[in-house]
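By convention in this document, chain letters (A, B, ...) are assigned in the order of the sequence lines, proteins followed by strands, and residues within each chain are numbered from 1.
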Amino acid sequence: MDIFKENLQKFIINIIKKEKNVDVSKPEAEKLIKNPPDDSFGDYCLAAYYMLNYGFKGKPETVAEEVFNFCKMQFNKIERLFDKIEIKGAYVNFFVNKEKFVSEVIKEVAASGSDYGRGVPGKRLTVVIDFSSPNIAKPFGVGHLRSTVIGMSLSNIYAFCGHEVIKINYLGDFGTQFGKLIAAFCRYNDIDFNEFKKDPVKVLYELYVRIHKDEQTDATALEEAKRRFKTLEDFISANKPGLEDYLGSLNFKKSDGFPVGETGNGSEKEEGYKEIKLSEKNKNDFCETPAGQYNLWRLFRKLSIDEFKRIYKSIGIEFDAYEGEALSAEFSNDIKEILLERGIAKISEGAVIVEIKGIKAPALIAKSDGASLYLSRDIVTAILRMAKYNFDKMIYVVGSEQALHFNQLFGIFGVLKENAGKIKDSKNFKHYASMIDGRLVHVKFGRIIGMSTRKGNLVFLEDYIEEARLKAQEKLEERPKILENTLSNEIYEAGKELAEGTEGAETLINSAEGRVNIKSDKELTESEKEQIYSTSLKVGIGAVIFNDLKTRRTTDVNFNWDNVLSFEGQTGPYLQYTVSRINSLMSKSGLLNSINENMEFSFSKNDADFNDIFLISKQISGFQSAVNSAMEQNEPSVLSSFALELASHFNKYYQNYRLIGNAPDYIKPRLLMLSSVRTVLISMLSLLCIPVLEKM
RNA sequence: GCGUUCAUAGCUCAGUCGGAUAGAGCAACAGCCUUCUAAGCUGUGGGUCGCAGGUUCGAAUCCUGCUGGACGCACCA
């Protein structure tokens with residue numbers, strides 16, 4: 001917490017109270033004090049026009065003068081923290097006591113460690129965040145990456161601010177497409193079961209593509225798919241519980257989430273799947289009976305989820321619960337009937353629709369053949385989640401192309417709340433459905449345009465990361481190694497020994513200077529190779545994730561390989577590099593053991609580097625408000641920008657002032673300062689799902 | 001046609017909910033490694049904030065219109 005800003009706020013509130021007898025609330029006071037655009041104007045400023053809201057009158061300049069005089073009269077109240085006050089045009093500018101400011105900030109970071117900036121909210125909210133949501137039996141493409149990293153980062157941010165977060169992955173596991181999959185599996189007799197064992201998702205995807213192709217020429221393919229899906233649907237809904245009972249059975253604990261799929265046949269225990277063994281021989285057992293197809297579907301889903309989990313794990317993403325559309329589909333019919341019966345929905349052109357004020361497009365909740373639709377499943381899902389988690393807020397991280405869908409969904413809960421009185425013979429449904437209005441948020445994001453492989457195909461996430469990793473490895477390998485440094489030193493020394501001015505000396509010195517080009521012939525050991533692999537992988541992941549988080553989420557991103565694969569400037573690797581640079585500096589100082597949060601230290605404004613240290617501290621002190629602002633706007637990019645700025649401050653400092661070689665008393669406080677930079681940078685990298693590297 | 005949304009440097013983007021002189025990074029050019037990691041740092045050039053009005057002390061930011069792009073508008077998700 002920035003005690004300087006806080007005290008300044010109180011100071012101004014008191015002045016307003018004393019002079020104009022107006023009370024200013026805390027959030028209003030927050031807006032009163034701002035940061036000037038340029039440091040030469042001061043550290044905090046008060047714009048006179050804001051004072052017009054609190055009883056001050058006249059031109060901004062004269063008001064500023066009036067306020068300035070009041071501030072001056074009572075300056076003794078804040079002179080412990082502030083050096084001076086200035087008036088400039090319509091602004092009153094405040095200059096902090098820089099020495100005090102720097103040591104306060106550094107002390108606080110040192111004392112709080114990784115908890116620095118962590119919030120304690122007035123009210124701890126339960127926030128459900130629904131993100132990623134891929135379709136099963138399809139490869140995880142980069143299209144899902146944006147939702148995944150934005151969702152994960154928001155989850156981190158809400159949790160960091162002290163809220164209870166439930167991360168849900170809502171899988172597309174239902175619909176005719178799965179009928180297609182089952183049909184394909186049963187139709188084709190040349191499935192390679194060895195390959196299926198090794199990479200099931202790949203085989204499933206190939207089956208899907210194959211039957212999709214066959215549909216163009218063979219009408220029976222689609223028919224079979226539809227028939228098999230109907231079989232599956234009927235089988236699942238045959239044993240489902242009533243909606244009321246099911247809602248009543250859900251508890252309010254985060255616990256283990258929903259079962260991944262359906263309610264009907266209950267026990268979805270992990271072990272159950274191990275018994276399902278597919279082979280050429282028993283294949284028909286699964287294709288002929290409804291129960292067999294049902295198991296087949298469960299197996300496909302399980303295999304897909306395992307594959308997703310593997311990928312998520314590789315980029316550090318995890319969920320509290322995996323849900324499937326199938327679960328919601330079971331209850332879609334119940335919802336439809338309640339709404340129709342009470343006149344909340346009506347039939348139009350054979351389909352069931354709900355009309356919502358302010359939205360022209362009618363919300364379609366059931367097809368004319370009675371089958372459920374996306375929207376009706378989302379209605380069910382929200383109600384189930386309310387019953388299960390009692391959330392205060394639910395965030396859907398989904399592309400902006402679905403804005404209409406979510407407006408309709410949110411609108412329907414408004415309608416449900418309004419018409420709650422009409423729903424009489426239901427307790428649970430009525431209760432939960434009418435609670436939801438106003439708690440749903442669509443966090444939309446722009447499209448990624450022009451994303452394709454160099455050959456023009458859809459890009460799979462893993463290939464994407466591998467491309468970035470290779471680039472990182474290339475950079476790592478061209479970096480001069482210790483051996484080469486020594487070598488170039490020797491050449492340099494040898495050159496110097498030659499008579500000055502001779503051609504030979506010049507050549508040798510040049511070759512030493514071009515040490516980047518000196519390659520070592522030495523074979524790398526296995527552990528060095530592993531080191532390079534794991535480092536380059538983390539850098540690659542960092543580059544890819546940061547690329548999706550650095551811009552405001554709503555803007556469409558023009559995808560460009562060169563931009564993603566450039567690791568210079570405003571990139572994830574730049575941030576990772578900065579952290580490892582601090583690490584390296586700190587360990588080389590040899591003073592690590594004498595640095596701790598309790599050490600006595602101070603900075604003098606006479607030191608040559610003082611102003612830069614002050615700027616760094618100022619940046620650090622803005623961390624918490626950056627996190628808050630990221631949360632309020634559901635916008636991780638606020639943190640990306642903040643992190644880049646802090647890293648840039650450090651790198652400038654690093655370039656301009658040399659630490660090692662100075663007296664320990666000079667180095668120690670600065671190491672503590674750098675350690676607080678590192679602490680904050682690491683916090684931000686973690687919030688942004690970017691791997692932290694010890695060394696690069 | 002209706003709706004949503006966007007337009008800022010050659011390119012990719014910031015711009016602290018209307019405030020002080022519109023900022024970064026790439027790319028270009030010129031510099032900085034025998035000294036703590038050059039994935040870094042310094043400097044130069046580059047802008048009528050799409051166009052036209054309006055609102056007021058004050059507009060890249062709010063309102064209206066226009067132009068141009070993206071997305072969405074009934075049984076896909």
Side-chain angles (χ1 to χ4, degrees), chain A residues 31 34-38 41 45 47-50 59-61 88-91 93 133 135 172 174-177 325 348-353 359-369 371 373-375 377 399-405 407 444 446-447 449 472 475-476 479-480 485 488-493 495-496 509 512-513 515-516 539 543 550-552 554-558 560 562-563 566-571 573-578 580-581 583-589 622 625-626 629 633 637-638 640-641 644-645 648 651-652 654-661 667 695-696:
Chain A
K31 285 186 176 174
K34 296 212 166 194
N35 296 345
D38 191 296
F41 294 149
C45 67
Y49 20 88
Y50 282 114
K59 276 190 163 182
E61 283 79 6
K88 194 176 167 95
Y91 293 85
N93 295 325
S133 305
N135 286 332
F174 211 60
T176 316
Q177 46 183 330
E325 275 186 281
S348 161
E349 294 173 33
V352 181
I353 64 162
I359 303 175
K360 280 187 183 167
L364 258 184
I365 58 173
K367 298 197 217 177
S368 44
D369 68 2
L373 281 166
Y374 186 35
L375 191 53
R377 281 171 229 157
S400 45
E401 63 271 17
Q402 294 195 33
L404 176 62
H405 166 76
N407 278 333
K444 50 192 155 192
R447 292 156 48 85
I449 298 160
K475 285 213 122 181
L476 267 177
R479 184 174 264 173
N485 282 332
S488 65
N489 281 342
E490 281 164 9
I491 297 170
Y492 185 82
E493 292 301 331
K496 263 168 89 176
I509 289 169
E513 281 170 358
R515 67 179 186 177
V516 168
V539 171
K550 73 176 172 186
T551 58
R552 296 218 137 233
T554 45
T555 48
D556 290 348
V557 174
N558 276 312
N560 182 334
D562 292 338
N563 285 349
S566 135
F567 300 158
E568 280 149 34
Q570 299 170 334
T571 65
Y574 174 67
L575 296 175
Q576 294 170 314
Y577 172 75
T578 306
S580 50
R581 216 179 188 191
N583 282 335
S584 163
L585 173 50
M586 292 191 58
S587 68
K588 281 199 177 155
S589 73
S625 69
S629 158
Q633 302 173 47
S637 74
V638 172
S640 322
S641 308
L644 285 172
E645 225 168 304
S648 162
N651 280 313
K652 275 172 196 162
Y654 181 90
Q655 202 75 31
N656 288 331
Y657 308 99
R658 204 185 151 69
L659 284 191
I660 293 174
I667 301 179
K695 231 180 174 178
M696 242 169 107

### Query
Which value, in whole Å, describes the distance between the C1' atoms of nucleotides C51(B) and U67(B)?
7 Å

### Query
Looking at the angle O4'-C1'-N9-C4 for a purine or O4'-C1'-N1-C2 for a pyrimidine, is C17(B) syn or anti, with syn meaning within 90° of 0?
syn

### Message
Over all strands shown, is Met586(A) touching base, sugar-phosphate only, or nothing at heavy-atom distances under 4.0 angstrom?
### Response
nothing

#### Entry: Sugar-phosphate only, base, or nothing, as touched by Ser566(A) at under 4.0 Å among non-hydrogen atoms
nothing

### Query
When you compare G47(B) with C11(B), how far apart are their C1' atoms, in angstrom units rounded to a whole number?
14 Å

### Query
With rounding to whole Å, what would you report as the distance between U4(B) and A39(B) at their P atoms?
49 Å

### Message
Only pairs with both distances under 3.5 Å count, Watson-Crick or wobble alike; so what is the partner of A28(B) in this structure?
### Response
U44(B)

### Closest listed nucleotide, where the reference is the side chain of Leu373(A) and the choices are G72(B), U12(B), C76(B)
C76(B)

### Query
Would you say the side chain of Lys367(A) lies within less than 4.5 Å of the side chain of Leu373(A), judging by non-hydrogen atoms?
yes

### Message
Categorize Thr555(A) for me: base, sugar-phosphate, or nothing, with a 4.0 angstrom heavy-atom threshold over every strand shown.
### Response
sugar-phosphate

### Query
Picking from A38(B), C75(B), A39(B), which would you name as closest to the side chain of Tyr654(A)?
A38(B)

### Query
Quick one: OH on Tyr654(A) to CZ on Arg581(A), what's the gap to the nearest 0.5 Å?
5.0 Å

### Task
Could you go through the side-chain hydrogen bond (donor to acceptor under 3.5 Å, both in side chains) check for Gln576(A) and Ser580(A) one step at a time?
CA-CA 6 Å; Gln576(A) 294 170 314; Ser580(A) 50; over 6 Å; no

### Task
Choose from A74(B), C36(B), G40(B) the nucleotide whose nearest atom is closest to any side-chain atom of Glu568(A).
G40(B)

### Query
With a non-hydrogen cut-off below 4.0 angstrom, is Gln576(A) in contact with a base, only sugar-phosphate, or nothing?
nothing

#### Entry: d(CG, Asp556(A); C1', U4(B)) in whole Å
12 Å

### Message
For a quick check of understanding: with a heavy-atom distance under 4.0 Å over all strands, which category does Leu364(A) fall into, base, sugar-phosphate or nothing?
### Response
base

### Query
Can you tell me if the side-chain N/O atoms of Arg552(A) get under 4.0 Å from OP1 or OP2 in G15(B)?
yes

#### Entry: Gap in Å between the two P atoms, one belonging to A52(B) and one to G46(B), rounded
23 Å

### Query
Under 4.0 Å: is that the gap between some side-chain N or O of Arg377(A) and OP1 or OP2 of A77(B)?
yes

### Task
Remember a base hit wins even if backbone is also touched, and classify Val557(A) as base, sugar-phosphate or nothing at under 4.0 Å, heavy atoms.
sugar-phosphate

### Query
Hey, does Asn583(A) reach any base, or is it just sugar-phosphate, or nothing, if we go heavy atoms under 4.0 Å?
nothing

### Query
Under 4.0 angstrom, heavy atoms only, what part of the nucleic acid is Ile353(A) near: base, sugar-phosphate, or nothing?
base

### Query
Say you pick atom C1' in C33(B) and the same atom in U42(B); how far apart are they, in whole Å?
14 Å

### Message
Base, sugar-phosphate or nothing for Phe41(A)? Non-hydrogen atoms, less than 4.0 Å.
### Response
base

### Task
Compare the minimum distances between each of A14(B), G40(B), C75(B) and the side chain of Ala351(A), then state the nucleotide with the smallest one.
C75(B)

### Task
Would you give the length of the straight line joining atom NZ of Lys475(A) to atom CD of Glu568(A), rounded to the nearest 0.5 angstrom?
4.0 Å

### Message
Quick check for you: among C75(B), C36(B), A77(B), whose closest atom lies nearest to any side-chain atom of Leu659(A)?
### Response
C36(B)

### Residue Cys45(A), side-chain heavy atoms: nucleotide from A20(B), C73(B), U12(B) that is nearest
A20(B)

### Message
So if I take every side-chain heavy atom of Lys652(A) and compare against A77(B), C41(B), U37(B), which nucleotide ends up nearest?
### Response
C41(B)

### Message
At 4.0 Å (heavy atoms only), tell me whether Ser589(A) reaches a base, stays on the sugar-phosphate, or touches nothing.
### Response
nothing

### Task
For Ala351(A) and Ala366(A), work out which heavy atoms get closest and say how close.
CB-O, 3.3 Å

### Task
Grab the two heavy atoms, one from Gly622(A) and one from Ser625(A), that are nearest each other, plus how far apart they are.
O-OG, 3.2 Å

### Message
Please check this pair: side chain of Asp556(A) against backbone of Arg447(A), looking for a donor-acceptor N/O pair closer than 3.5 Å.
### Response
yes

### Task
Mind checking Lys360(A) for me? I need base, sugar-phosphate or nothing, with any heavy atom below 4.0 Å counting as a touch.
sugar-phosphate

### Query
How many angstroms lie between NZ in Lys695(A) and OH in Tyr577(A), if you round to the nearest 0.5 Å?
14.0 Å

### Task
Answer yes or no: does a side-chain N or O of Lys588(A) lie under 4.0 Å from OP1 or OP2 of U37(B)?
yes

## Note on the structure
Of the candidates C76(B), C73(B), U16(B), the side chain of Pro37(A) sits closest to U16(B)

### Query
Whole Å only: how far is the OH atom of Tyr374(A) from the C1' atom of A77(B)?
6 Å

### Query
Okay, side chain of Ser648(A), backbone of Leu644(A): is any donor-acceptor separation there less than 3.5 Å?
no

### Task
Using only side-chain N and O atoms of Arg447(A), determine if any of them is under 4.0 Å from OP1 or OP2 of C6(B).
no

### Task
For Gln402(A) and for Pro362(A), locate the closest nucleotide of RNA chain B by heavy-atom distance; then report the residue assigned to the nucleotide nearer the 5' terminus.
Pro362(A)

### Message
Please give me the minimum heavy-atom distance between Val539(A) and Pro573(A), naming the atom from each residue.
### Response
CG1-CG, 3.8 Å

#### Entry: Touch class at under 4.0 angstrom, heavy-atom based, for Tyr657(A) against every strand present
base

### Message
Please confirm whether the shortest side-chain N or O distance from Tyr574(A) to OP1 or OP2 of C41(B) is below 4.0 Å.
### Response
yes

#### Entry: Rounded P spacing from A28(B) to C73(B) in Å
43 Å

#### Entry: Interatomic distance, Glu349(A) CD vs C73(B) P [rounded to whole Å]
16 Å

### Atom-to-atom span, CG of Leu404(A) to P of G3(B) - whole angstrom
13 Å

#### Entry: Syn-anti status, with the boundary at 90° from 0, for the nucleotide C26(B)
anti

### Task
Between G25(B), C73(B), A39(B), spot the one nearest the side chain of Gln570(A), thanks.
G25(B)

## Note on the structure
Regarding the side chain of Asn651(A), the nearest nucleotide among C41(B), C73(B), A20(B) is C41(B)

### Message
Is Lys367(A) close enough to C76(B) that one of its side-chain N or O atoms is under 4.0 Å from OP1 or OP2 there?
### Response
yes

### Message
Quick check, does Tyr577(A) stack with G40(B)? I mean ring centres under 5.5 Å and planes off by under 30°.
### Response
no

#### Entry: Separation of the P atoms in U64(B) and C6(B), to the nearest angstrom
13 Å

### Spacing of Leu575(A) atom CG relative to G40(B) atom P, expressed in whole Å
11 Å

### Query
Is there a donor N/O on one and an acceptor N/O on the other, under 3.5 Å, for the side chain of Ser348(A) and the base of A74(B)?
yes

### Message
Does a side-chain N or O of Lys34(A) approach OP1 or OP2 of C17(B) to a distance below 4.0 Å, or not?
### Response
yes

### Task
Nearest-nucleotide wise, let me know which of Asp38(A) and Gly569(A) is further upstream toward the 5' end of RNA chain B.
Asp38(A)

### Task
For G31(B) and G18(B), measure between their C1' atoms and round to the nearest Å.
42 Å

#### Entry: Distance, rounded to the nearest Å, where Tyr50(A) contributes OH and C57(B) contributes P
16 Å

